[in-house]
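Letters A, B, ... are given to chains in the order of the sequence lines, protein chains preceding strands, and every chain is numbered from 1.
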Amino acid sequence: MRLRLVPQNTNWDFFSRPTLWLGISAVMIVLALVSFGVRGLNYGIDFKGGTTIRTESAQAVDVGAYRDAMVTLGLGDVVITEVFDPNFRDDQNVAMIRIEAQEGQESVTPEVIEQTRTALQGVSPDIKFVSVESVGPKVSGELIQTAAIAVVLAIGAVLIYIWLRFEWQFALGAVIALVHDVVLTIGVFSEVGIRFDLTTIAALLTIVGYSLNDTVVVFDRVRENLIKYKSKDLKEVLNISINETLSRTFMTSFTTLLALIALFVLGGDVIRGFVFAMIWGVIVGTYSSIFVASAILLRLGVKRDWTKPTDTTGNQFGNVDA
Amino acid sequence: MLQIDLWKRVLIWGVVALGLLFAMPNGFYTRVEQHNDAVKAIEAGADTSENREAASVWPSYLPSGLVNLGLDLRGGAHLLAEVRTGDVYASRMEALWPDVRDVLRPERDTVGTIRLVPSEPWELRVRISEPSGIDRALELVRGLARPVVSLTGAGSTDLEVRAEDNVIIVTLSEAEMQATDERTMQQSLEIIRRRIDEVGTREPTIQRQGSDRILIQVPGLGSAQELKDIIGTTAQLTFQPVVGRAASADDPAGVGNEILPSLDDEGVFYILEQAPVVTGEELTNAQPSFDQNGRPAVSFTFDATGARKFGDYTAQNIGSPFAIVLDDEVISAPVIQSHIPGGSGIITGNFTVEESTQLAVLLRAGALPAGLDFLEERTIGPELGQDSIDAGKIATIVAFAAVLIFMFASYGLFGVFANIALVVNIVLLFAVLSMLGATLTLPGIAGIVLTVGMAVDANVLVFERIREELKTARGPARAIELGYEKALSAIVDANITTFITAVILYVMGSGPVRGFAVTLGIGILTSVFTALFLTRVLIVMWFERRRPKTLEV
């Protein structure tokens, strides 16, 4: 007996309520944009400049005491958070300290680090700085720009590739689904307040790749079925194609999620935000390839007779009519 | 029907075997690393029995390429420095002044008196008292220009000379600025590399980024500050004529002069001519030594041009003091006792032995031609790196096991084939990473885990297709064949699009993100290979042996 995530032969109608699904997506996108506009993103130092220090000590972290110790240093905005992770040993108490970019300095001066160390040693004498990272405002500005360009380039490249391999309607459907996924992911980062840094951009681009992977598999089947079922209308063909690939869609999403969840739980706190973005992306990407990409393809319609040479180009033989 | 040519089978298994061979060293990481370090040391001349013993822990006929661990996994220091290329224009202009003076001096009758006028650092302004002589003066100064030595700047000269009333303004030409920037970057890279090598750490990364930036990563170093100290922001050595002494740094120095403090004696300031006689760039060697009184000192040797300049200057200025200046501090200002012709000399000062050794190292490695601004610095402790490796290992193993079990539960025997392919996939991934000498970062580990999850996709596509074809096709062999055939376009399209994003990530990203792009991209290639070729060979071999009448996928 084989394990099956979906029944062997499904015949579900995915387009019985097209407005509903597109509506849900539209509402979620609006929510994401509103959250992005109102709350903004919790940018990491990669994008905002500043310094983060990761501390470790045997005593429990007392955020209040840390803050009090650092207030006197006059470093401006200081954010202190305790970090929890199941992998930590009992005597491993970790905190992240973030110091805003200092006026007139590109990167942190050793004096600031030493002052901080001395101040915190007053609170917990055995404190260690396991990592210190500092990014100047000059670089962080450029990093945002490069990241934005990377995402746009990726989407553009994909648009062109699918356009060449399929038709423009497919490309547009796929790219709208991609933008949908990226916007929703940014929205979740904004709502939950997870740190948004360079690795998040990597995650975003991976989501772009993954979501596309899914969409392309469905579209590939649509293209095949459009030729196979010439008399059926587009909606029916789309439904058949999605149902036929449904088992594969779930299998792949499930194995990917299995791996990602293992990484989320066991991979340590350093990459948890990154993995979270990908888990979210896989779920949203799977949803969007059916309910967004295909739904849009249905709205746009496709040219059905693409196996035949078009009249305008003609062919090398004359037309013979009986 | 279901057939694969023998040569194809040999090729496929050959690739798998090669993959195993090249991935193997990573299974014995510390041992191979020990071997590699020892081999390097022996090549560098340290052919001791200890090193030989260390080298013998790993057979030399086996590949010894390892996947490098990134800073976030190994711990170490990371710096992104911007080179102030403009500094060089300023020193070029400073050095030009004596030449301009010398070329105008014989023509005093036409140009009158010559004066240096304060100006922006990247230009040289000289006022002549006879406005009518400006054309002659321009002609003479233009005569100092040299052709630009670079590919793009061919045909142009290095100086741009123009006049404003009776002031001559000299700047570097556009082409020369570009050529100078290029040279400054090359020099800076080389000097940083040499300084870091002097400390002898393993596998530092020193890379140029963009037009004027240098990325420096040194694994295993305690802090970014330590790295900065090694690089030394600007160890500029110059020999400058002394004009006199000053009471404080704020005294008037006079045009073309500067006031610098003494390194050892607090409150002592020297007025020096800005244009150096010789600079550290013309130094060929520097070694710690002792002076005639047995105090630590540094002896040095100039190259031919430096020796000539130094010789001429000392011959003409016996009895007057000159200053040895390091990083804008006067180390010492001895009086020239005699003509020093050989181009070698000795720097004395209140050095300890360590200081003289350090100074010699700095001098030998050469001065950085321009100052550095540090835009980004990161220090990762080795403990954090180890924690990340441990967490990453466990997560990968669990992810792997979960996917293997799930695939077997879903596809039975075919699931086993896919699982073998998945294991080989990871082996190949590590083999390629080792061969390329690629760097594994924490997001890179995430890339591997993601590959584990996604690698089965191609197999899933094929298997699902075979299931479908079984319903309609004539017999299992045909179903398998059609399954592969029809799934191909979906596999290719899906993977190419993901690969496109990996390439963009690689090109646009830096550091850890790039590490992720590398593992993701290679993972896509290896997973397509294993899914399209390896599982197919496995299935065909199984099919040939069993000849099943029915198929359950």
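Only the side chain of L5(A) comes within contact range of chain B, with at least one heavy atom under 4.5 Å from a heavy atom of that chain. Using a 4.5 Å cut-off between heavy atoms, I524(B) does not touch chain A at all. Heavy atoms closer than 4.5 Å to chain A are found in the side chain of D387(B), but not in its backbone. Heavy atoms closer than 4.5 Å to chain A are found in both the backbone and the side chain of Y411(B). If you measure heavy-atom distances from E142(A) to chain B, the contacts under 4.5 Å come from the side chain alone. With a threshold of 4.5 angstrom between heavy atoms, N213(A) approaches chain B through its backbone and through its side chain. Of the atoms belonging to V403(B), heavy atoms from both backbone and side chain fall under 4.5 Å from chain A. Contact annotation for I500(B): only side-chain heavy atoms (C-beta onward) come within less than 4.5 Å of a heavy atom of chain A. For F129(A), no part lies near chain B; criterion is any non-hydrogen pair under 4.5 Å.
Summarising the geometry, atom CG belonging to L505(B) is positioned 9.5 Å from atom CD1 belonging to I201(A); distances are rounded to the nearest 0.5 Å. With values rounded to the nearest 0.5 angstrom, L258(A) atom CG is found 9.5 Å from I405(B) atom CD1. Expressed to the nearest 0.5 Å, how far CE of M508(B) lies from CG of L153(A) amounts to 5.5 Å. The line from CZ of R221(A) to CZ of R465(B) is 3.5 Å long, rounded to the nearest 0.5 Å. Remark: I271(A) CD1 to D72(B) CG distance equals 9.5 Å, nearest 0.5 Å. To the nearest 0.5 angstrom, I496(B) atom CD1 is 7.0 Å from R165(A) atom CZ.
In the model, S134(A) has no side-chain atom that pairs as donor or acceptor with a side-chain atom of E377(B) under 3.5 Å.
When the shell of 6.0 Å around CZ of F264(A) is examined, it contains more than 12 heavy atoms from other residues, nucleotides or ligands. By the 6.0 Å contact criterion, OH on Y161(A) is enclosed, its count of non-hydrogen atoms from other residues, nucleotides or ligands being greater than 12.
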| request: Under the side-chain contact (heavy atoms from CB on, under 4.5 Å) rule, what do E133(A) and E376(B) come out as? Steps first, then yes or no, please. | output: CA-CA 8 Å; E133(A) 306 193 40; E376(B) 201 182 306; over 6 Å; no
| field | Worked verdict on D46(A) versus R378(B) for salt bridge (charged side-chain N to carboxylate O under 4.0 Å, His left out) | value | CA-CA 11 Å; D46(A) 288 340; R378(B) 297 174 197 261; 2.9 Å; yes
| task | Please assess M251(A) against F463(B) for the test side-chain contact (heavy atoms from CB on, under 4.5 Å), listing each intermediate value before the final yes or no. | result | CA-CA 11 Å; M251(A) 278 297 295; F463(B) 293 170; over 6 Å; no
| task | Could you check L442(B) against V270(A) for side-chain contact (heavy atoms from CB on, under 4.5 Å), going step by step and ending with a plain yes or no? | result | CA-CA 8 Å; L442(B) 191 53; V270(A) 183; 3.5 Å; yes
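A salt bridge is defined here as a Lys NZ or Arg NE, NH1 or NH2 lying under 4.0 Å from an Asp or Glu carboxylate O, and E464(B) with R4(A) fails to meet this definition. At a threshold of 4.0 Å, the pair E468(B)-R248(A) does not count as salt-bridged, since none of the basic side-chain nitrogens sits closer than that to a carboxylate oxygen. Classification of R467(B) and E244(A) as a salt-bridged pair fails, no side-chain N sitting under 4.0 Å from a carboxylate O. Between D493(B) and R223(A), at least one side-chain nitrogen of the basic residue sits less than 4.0 Å from a carboxylate oxygen of the acidic one, meeting the salt-bridge criterion.
Shown are D457(B), V456(B), V460(B); of these, the side-chain contact (heavy atoms from CB on, under 4.5 Å) with T255(A) is made only by V456(B). Checking each of T396(B), I397(B), I394(B) against L266(A) for a side-chain contact (heavy atoms from CB on, under 4.5 Å) leaves exactly one that passes, namely I394(B).
Annotation: maximal heavy-atom pairing with chain B below 4.5 Å, among G268(A), A203(A), G267(A), occurs at G267(A). Interface summary for chain B: among L260(A), I155(A), T206(A), V217(A), the most heavy-atom pairs under 4.5 angstrom belong to T206(A).
Of all the heavy atoms in V216(A) and A494(B), the pair that sits closest is CG1-N, 3.7 Å. Scanning both residues, A399(B) and A259(A), for their nearest heavy atoms gives CB-CA, 3.6 Å. In terms of heavy-atom proximity, S131(A) sits nearest to I380(B) at CB-CA, 4.0 Å. In terms of heavy atoms, T501(B) sits closest to A154(A) at CG2-CB, 4.1 Å.
Using cut-offs of 30° and 60° on the angle between ring planes, the pair F274(A) and F516(B) is perpendicular.
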